[in-house]
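Note that ligands are numbered from 1 as they come in the structure, with each ligand's atoms numbered from 1 the same way. These numbers were taken from a predicted model, which means no experiment stands behind them.
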Amino acid sequence: MDREDLLVSRVDRRALMQGATAAAVAAILPSTPALAATPETRRRIKLAFDWKFALGHAADIDKDFGFGRDQRTYAKTGGSETSPIAEAAKAAFDDSAWTDVQIPHDWAIDLPYDSTPRILAPDQDDPRAAHGFHALGRDHPENSVGWYRRPLDIPADWAGRRIGLEFDGAFRQVVVFVNGIIVDEHAGGYSPFRIDITDVAQPGRPNWLTVRVDASLGEGWFYEGAGLYRHVWLTAANPVHVPPDGVFIRAEPQGSGARATVEAAVRNQSDSSRTATVRTVVVAPNGLEKARREVMLSLAPWRNENADLALAWDVAPLWSPADPQLHRLTTEIEIDGVVVDRIETPFGVRSAVFDAQRGFLLNGQPLKLLGACCHQDHAGVGAAIPDRLQDWRIEQLKAMGCNAYRASHNPAMPELMDACDRLGMLVIAETRRMSSDEESMTELATLVRRDRNRPSVIAWSIGNEEQAIQGNETGAAIARTMKRLVNRLDPSRPVTAAKDQDFDTGVSRVVDVLGFNYRTPQMEGYHARFPDQPILGSETGSTVSTRGEYVLDAARHIVPAYDREHPWWASTAEEWWTIAAERPYIAGGFIWTGFDYRGEPTPYSRWPSVGSYFGAMDSCGFPKDNYWYYRAWWRPEPLLHLFPHWNWEGREGEEIEVWVHSNLDRVELLVNGRSVGAKTVERNRHLAWSVPYAPGVLEARGYKNGHLVSTQRRETAGAPAALRLSVDRQRLTADGEDVAMIATSVVDARGRPCPRANDLVAFEVAGDARVIGVGNGDPVSHEPDRSDRRHLFNGLAQAIVQTGRKGGPITVTARADGLRPAVLRLDARNTKLST
Ligand code: GAL
């Protein structure tokens, strides 16, 4: 066995057995229909509710519920009555004083800020800025350990099945107890882990789950959250089943149809030999069966076997961002005429190729990657993003014109990846650590296995800006080891890495596709020197801006929203895109970033800034003006965007810089009905005028082929008079998890938006729902996320309202002193509940 064999099999070791070579494929059988009405033995139950939470302590054993007392943590399995591994892991532990929480849950957003003054050199960043100043980490042991408890309902008829827990990820350093016994420990904050708890589970009797999460150590230089911020699942399966991520389908277009190869792993976790039929069925996006194939496997006790199948079918609608057609593969295992396991794997038929001259090609056609890098963080909820919010964020990026997403710098939540498959978003999937140590390699393997069926994924990124190694032979050696592992697990996709220096050497010489972080002007020279290697902008642009602000105010940490300010290493939107757009060999680029996020408050990097300024959208997803630059040039629809606002009280007669982002031919600007000139639009560039301020109406008229096709106005608003509410969807699911994204704005007595309003808005919810978080996009705001009130910031605030499980009408009312309230009516309907 070489190194990768060992590492790959370590991933399987959690499943208690090693995979054997597939020597037992008996025969390819003629097609037979699946048996109807066979028992479904696989269960996967989301554990969203009924959790209790309390902070422990990273340095005080008594405050950490006795964990680690007397250095006896691993002395005896399950400890003993008098010496438990932790008080909180005991059945009888009284958790009634703990807080009720719902998973996903991020306790870091509730922590106070640590803004105690520190002496810093004038050009020195405050080290606390990177994670957003929350009082978390080694300096704050009292805030850095969290405990979760929950009963586990394991029905009596699960006896004889394999019972498991799946954690989609947790931040970080997790100890999992079932019935007081440690069943797993997991360090990495971003990768999923699965635990077989069959031996300790007690079907039909009370079971309890305890989880200790220690977020003392960070993995990133950005806000990372803390706790069970991803879903947790309870699973049950027949002893003979498809192991997690055990199906790998590679489908590609063939004429107007498709062909696919399927590797399906089957695991026999029983003492008897079995003969199983493995059946795979392809179902087209229209729901019709298109192909099926069966193989018989002989399964020795406690062994894995692999079935290899090939399928082909005619008429296969292709998957693309514009038309994300998803096929479905059903994999069934049948023993003695009974289907004992069945899983569904969505997949897409598409070809994706990087070409050194033509850039990226999807389904044979060049497609520029119009991408955004994003962290997993949203106003109001932090890292604990509800599933619907994942969809919503992808929808906002698509509306801006993005067709690609870089999951920087860690494996993304599965529901985000699902959204990308379903809504049509290409993805560069990235592992967290660029290292060939065992844990990093396991994390990489887990990522590839989890996401390799997804049509959205077009490349695996093995690292980002590893300054110490990216240009040298050590980096190249690590990259080679990582790449070998990826190639073995997924021979169909290229490996990439993002670099910010030493482009010619080290890691660059190993990866298939080289990512440039910024330095777009250097790409031309690199392409001339290395004409055979595809390249893309893995981080590009990076204008810093505050939404709705147009005058620099360093004292208040405000950056104007013209496309002008950027860190020294980065560029404006216009600077990078004018280079990339015109060069076919640049496969595209991923702006830094789609949304603002907590931490990294560049350019100030000091208190009171706690959030980043890089987003084309703010931390709530409200567009900044650069959003419209990209939307103009990344989407085909006619677009005209005029800024700034026209409320410059006290600056009458002063010159105001007026910009337009437009993809039309010509734009005329008028102030109070008088033209101040028309300008011709130059491709991928903005228009600008300097206009003396006079209250009234600023108007832009956009022409295409000589016809007026669009008009935009900015009107001087009077005093705020009334609140307004809008929502993404009025009909919600009463599953206790669905959310409505509610935007609050203010208008004057004549209905004109008030762009500077900063009123405090309180949200009231009647019906079976609650506000789970609020935000306003101000990177300097220190107001609580988990609240039912928020100040508007430059006229806008956001409330995230989550449904209960009963359903019925929901009324959301927004109130602010002296303003007419606004009312929004929603409706939540019951569907199947998760427990
Ligand atoms: C890059 C880095 C990103 C982010 C960005 C800020 O160097 O890869 O994660 O830190 O800089 O400009």
Side-chain angles (χ1 to χ4, degrees), residues 123 125-133 189-190 218-225 371-377 383 404-412 428-435 459 461-471 475 496-503 506-508 511 513-523 535-546 557 559 563-573 575-576 589-606 609-619 624 626 779:
D123 59 349
D125 290 351
D126 190 320
R128 296 166 298 182
H131 280 75
F133 285 99
Y190 299 98
E219 295 184 50
W221 50 98
F222 40 86
Y223 176 86
E224 304 188 272
C373 296
C374 294
H375 284 315
Q376 49 180 35
D377 174 11
Y405 184 101
R406 177 172 170 227
S408 47
H409 302 292
N410 47 261
I428 293 188
E430 187 159 300
T431 197
R432 180 62 289 284
R433 289 197 288 177
M434 185 167 199
S435 173
S461 169
I462 57 170
N464 177 73
E465 289 191 5
E466 292 291 342
Q467 278 93 3
I469 56 167
Q470 62 187 350
T496 187
K499 295 183 63 174
D500 65 334
Q501 61 191 38
D502 305 326
F503 289 108
V507 170
S508 311
V511 293
V513 177
L514 181 61
F516 278 71
N517 278 6
Y518 315 101
R519 286 91 183 170
T520 320
Q522 296 184 34
M523 293 174 87
I535 53 177
L536 56 79
S538 37
E539 283 174 35
T540 53
S542 223
T543 308
V544 284
S545 64
T546 309
H557 287 200
V559 192
D563 182 24
R564 202 164 31 213
E565 322 292 332
H566 60 80
W568 62 263
W569 57 87
S571 69
T572 63
E575 277 162 6
W576 86 268
F590 294 76
I591 61 167
W592 189 267
T593 47
F595 300 88
D596 282 345
Y597 52 94
R598 289 167 168 80
E600 286 208 313
T602 312
Y604 301 109
S605 301
R606 296 233 173 155
S609 297
V610 295
S612 89
Y613 294 71
F614 295 118
M617 290 173 267
D618 70 16
S619 58
K624 302 187 198 172
N626 260 29

Ignoring angles and geometry beyond distance, decide whether [X] reaches within less than 3.5 Å of ligand 1 through its nitrogen or oxygen atoms.
X      : answer
Glu465 : yes
Trp592 : no
Asn464 : yes

query: Out of curiosity, is Tyr518 lining ligand 1, as in a heavy atom under 4.0 Å away?
result: yes

- prompt: Non-hydrogen atoms of Asn517 versus ligand 1: any pair closer than 4.0 Å?
  reply: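 It does, in that a heavy atom of Asn517 comes within the 4.0 Å cut-off of ligand 1.
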
Give me the atom names and distance for the closest heavy-atom approach of [X] to [Y].
X      : Y      : result
Ser542 : Ala570 : CB-CB, 3.5 Å
Pro601 : Arg606 : CG-N, 4.5 Å
Glu224 : Glu219 : OE1-N, 2.8 Å

message: Using the ring centroid of each side chain, check whether Phe503 and Phe516 are separated by less than 6.0 Å.
response: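 Yes, close enough.
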
task: Report the part of Asp500 in contact with ligand 1, treating N, CA, C, O as backbone and CB onward as side chain, heavy atoms under 4.0 Å; options are side chain, backbone, both, neither.
output: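 It is neither; nothing of Asp500 touches ligand 1.
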
Nearest-neighbour protein heavy atom for [atom], which is reported as residue plus atom name and distance:
atom                    : value
atom 12 (O) of ligand 1 : Trp569 NE1, 3.0 Å
atom 10 (O) of ligand 1 : Glu600 OE2, 2.6 Å
atom 9 (O) of ligand 1  : His409 NE2, 2.6 Å

message: What verdict does the side-chain contact (heavy atoms from CB on, under 4.5 Å) test give for Lys624 and Asp596, after you've listed the backbone C-alpha separation in whole Å, the side-chain angles of each residue and the deciding distance to 0.1 Å?
response: CA-CA 10 Å; Lys624 302 187 198 172; Asp596 282 345; 3.0 Å; yes

- prompt: How about Gln467 and Asp500: does a side-chain donor come under 3.5 Å of a side-chain acceptor?
  reply: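 Checked: Gln467/Asp500 side chains pair up, N/O donor to acceptor below 3.5 Å.
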
message: Can you check which of His375, His566, Glu539, Lys499 brings a heavy atom nearest to atom 3 (C) of ligand 1?
response: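 Selected option, by shortest heavy-atom distance: Glu539.
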
query: Would you call the rings of His375 and Trp592 parallel, tilted or perpendicular, where under 30° means parallel and over 60° means perpendicular?
result: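 His375 vs Trp592 ring planes: perpendicular.
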
